[in-house]
Amino acid sequence: MKKTALFCTAIFAMLCLQNCSSSKKTSKVATISYATQIAPMMQASCAPCHFPPDGKKQALNNYETVKSHVAEVIARVKLPQADPKFMPFKNKKPAFTEAEVAVLENWVKQGMPQ
């Protein structure tokens with residue numbers, strides 16, 4: 001009888017600890033915003049070619065244009081650098097790092113907050 005009671009108490013304690021919020025590991029990704037993370041990346045790697053008035057290519061200088069073309073941007077920056085569609089064109093600017101590409105992808109997953 002004592003063994004059964006001890007066993008039940010141990011099971012109960014494990015279940016309580018399992019549902020305790022302090023014992024859970026969280027892997028919440030911080031909210032990414034266009035203004036603080038995305039815009040500086042675009043400025044560093046896409047200007048002046050995609051920034052009017054100097055840029056003659058598809059504008060990527062504001063929230064709406066980046067939001068509209070983010071899928072294409074991600075696809076092109078992930079291409080091999082030898083691919084003629086790779087951006088930034090002819091490596092005139094620094095390429096996006098893997099971490100920066102991940103920021104873009106997470107921004108999309110988060111609904112592209114401004």
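Hydrogens, waters and symmetry mates play no part in the numbers below; they use all other heavy atoms, side chains included.
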Task: Carboxylate-amine/guanidinium proximity below 4.0 Å for E105 and K109 - done: no

Open item on the list: For the NZ atom on K78, are there more than 12 heavy atoms of other groups (residues, nucleotides or ligands in this structure) within a distance under 6.0 Å?
Closed with: no

Under the 3.5 angstrom rule, does the side chain of [X] hit a backbone N or O of [Y] as a donor-acceptor pair?
{"X": "R76", "Y": "M87", "result": "no"}
{"X": "D83", "Y": "L79", "result": "no"}
{"X": "W107", "Y": "P113", "result": "yes"}

Task: Point-to-point distance, once rounded to the nearest 0.5 Å, from CG of D54 to CG of N61 - done: 11.0 Å

Open item on the list: Quick check for you: to the nearest 0.5 Å, what is the distance between E100 atom CD and I38 atom CD1?
Closed with: 9.5 Å

Output side-chain donor-acceptor pairs under 3.5 Å for residues 41-52, partner residues at least two apart or in another chain, one line each.
residue, atom, partner, partner atom, Å
S45, OG, P94, O, 2.7
H50, ND1, Q58, O, 2.5

Task: Min side-chain heavy-atom separation V70-I74 under 4.5 Å - done: yes

TODO: Report yes if some heavy atom in the side chain of V66 is under 4.5 Å from a heavy atom in the side chain of V73; otherwise report no.
DONE: no

Task: T65 and S68 side chains, donor-acceptor separation under 3.5 Å - done: no

Open item on the list: If I compare all heavy atoms of A35 with all of P40, which pair ends up nearest, and what's the gap?
Closed with: O-CD, 3.7 Å

Open item on the list: Listing request: all ring pair (Phe, Tyr, Trp, His ring centres under 6.0 Å) pairs with a residue in residues 55-96, at least two apart in sequence or in separate chains.
Closed with: Y34-Y63

